[in-house]
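Numbers for residues simply follow the sequence, beginning at 1.
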Amino acid sequence: MTPNTGLLNGHDLPMLGLGTWDLRGTACETVIPQALEMGYRHIDTAWMYENQREVGVGLRASGVARDQYFLTSKIWKTHLRPGDVRTQHAENLEQLGLDCVDLLLVHWPVDDVPIDETMGAFAELVDAGQVTSVGVSNFSEEQLDAACAACPHSVTVNQVKYNVLTAPEALRAHCQSQGVVVTAWTPTTRGEVDNREAVRGAAAAHGKSATQVCLRWLVQKGVVVIPKSTSVDHLRENMDIFDWELSVAQMVALDGLG
């Protein structure tokens, strides 16, 4: 199993999850039980990904009890008015074959819907037992503060693009100062930094891959990672990031890539 980080509302979020963006069909249905069998306990999906039925099939095929995994879904930016939030989340649950998700995120912020309306609707879903925790995605510091002020329940997570080349350090620090967990989408650079000296040097020093170095750099900052993979070898590789540490000098060198 992978370690957890605590959320503001007392629940736990696994530090490593399986991202499912662009995973569809049989590949999606197959990788979910493979990941859960290995010890993954965090699956990330969204209405916009158009794969929640396959995710649901994979979850059921895994045989893992519902209370043993953490499922994140999201409401797309076209559906942030209260009635639309309720409608789209009903679709989420129907597609997944679940009666509750562990974390529901506002997928992208918009300017034309008051944030208090959206967060009020999210809070109603918590009160109805259809959502356990709420959060946001791709929110700036100011947008996060507005969401926190508007929501009757704790805003627990801000999911953003974050890797050694795209590193919103000020946003991370702000979130963590407020107790909001940062989750990194696209946490690896898909090979773009494999030949950078900072990455190659750290990988050689620890006997790890460039991908593992990129993921370790994030979790060492307290950032949750949700890399996508369809390969059993890559799934296993991504899990092997918790029993070793980058040195201060290696962290600083990796910081300099962004």
Side-chain angles (χ1 to χ4, degrees), residues 7-14 17-33 35-36 40-110 113 115 117-139 147 150-159 181 183 185 224 226 228:
L7 300 179
L8 278 171
N9 60 358
H11 293 278
D12 288 329
L13 173 65
L18 175 66
T20 65
W21 160 243
D22 208 28
L23 275 178
R24 296 193 174 88
T26 303
C28 185
E29 293 177 5
T30 301
V31 74
I32 301 291
L36 290 170
Y40 282 73
R41 287 298 181 264
H42 175 188
I43 306 296
D44 182 275
T45 185
W47 180 88
M48 189 272 285
Y49 296 174
E50 299 181 342
N51 67 1
Q52 292 189 126
R53 292 192 188 280
E54 293 98 320
V55 169
V57 169
L59 291 171
R60 290 186 292 278
S62 75
V64 175
R66 176 64 188 92
D67 63 357
Q68 295 300 304
Y69 63 82
F70 191 104
L71 193 285
T72 299
S73 189
K74 310 177 189 75
I75 299 293
W76 187 236
K77 61 185 178 180
T78 55
H79 284 68
L80 296 183
R81 296 197 182 278
D84 295 333
V85 168
R86 290 188 288 269
T87 297
Q88 189 165 102
H89 188 56
E91 292 182 24
N92 287 342
L93 296 179
E94 187 274 327
Q95 291 170 1
L96 290 162
L98 300 175
D99 56 15
C100 178
V101 300
D102 299 288
L103 177 62
L104 186 68
L105 305 181
V106 180
H107 204 152
W108 283 91
V110 297
V113 179
I115 190 63
E117 291 186 13
T118 302
M119 300 317 296
F122 272 51
E124 289 176 7
L125 295 174
V126 174
D127 294 338
Q130 297 181 11
V131 171
T132 302
S133 304
V134 299
V136 296
S137 184
N138 305 299
F139 273 46
C151 190
H153 294 290
S154 296
V155 174
T156 61
V157 168
N158 189 11
Q159 186 180 120
V181 171
T183 297
W185 59 266
V224 174
I226 49 170
K228 183 187 79 171

Review point. Would you say Thr45's side chain and Gln52's backbone share a donor-acceptor pair under 3.5 angstrom?
Key: no
Study note, to complete from the structure: Shortest non-hydrogen pair, Leu71 vs Leu98, comes out as CG-CD1, 4.1 Å
Practice item. State plainly whether the residues Asp102 and Arg66 are in salt-bridge range, i.e. N to O under 4.0 Å. Key: yes
Exercise for review: Check the angle between the aromatic planes of Trp108 and Trp185 and answer parallel, tilted or perpendicular using the 30° and 60° thresholds.
Suggested key: perpendicular
Practice item. Say whether, by atom type as modelled, one donor and one acceptor occur between the side chain of Thr72 and the main chain of Asp44 under 3.5 angstrom. Key: no
Revision key, fill the gap. Taken to the nearest 0.5 Å, the spacing of Leu7 CG from Phe70 CZ works out to 5.5 Å
Practice item. Could you grab the distance from atom OH of Tyr49 to atom CD of Glu54, nearest 0.5 Å is fine? Key: 14.0 Å
Check your understanding: Would a distance-only check, ignoring hydrogens and angles, find a side-chain to backbone donor-acceptor pair under 3.5 Å from His79 to Gln88?
Key -> no
Check your understanding: Taking all atoms of both residues into account, what is the closest heavy-atom pair of Met119 and Ala147, and its distance?
Key -> CG-O, 3.9 Å
Study note, to complete from the structure: When every non-hydrogen atom of Leu80 is compared with those of Val113, the smallest separation belongs to O-CG1, 3.5 Å
Point to revise | His89 side chain vs Val131 backbone, donor-acceptor pair below 3.5 Å | key: no
**Study point:** Reported CH2-to-CD1 distance for the pair Trp21 and Ile226, which is rounded to 0.5 angstrom
**Key:** 12.5 Å
**Study point:** Evaluation steps, side-chain hydrogen bond (donor to acceptor under 3.5 Å, both in side chains), between Asn9 and Ser133
**Key:** CA-CA 7 Å; Asn9 60 358; Ser133 304; 2.8 Å; yes
Review point. Quick one: CD on Glu117 to CZ on Arg81, what's the gap to the nearest 0.5 Å?
Key: 6.0 Å
Practice item. Output yes when a side-chain donor or acceptor of Asn92 lies under 3.5 Å from a complementary backbone atom of Ala46, and no otherwise. Key: no
Check your understanding: Going through the checks in order, is the side-chain hydrogen bond (donor to acceptor under 3.5 Å, both in side chains) test met by His153 and Asp127?
Key -> CA-CA 9 Å; His153 294 290; Asp127 294 338; 2.9 Å; yes
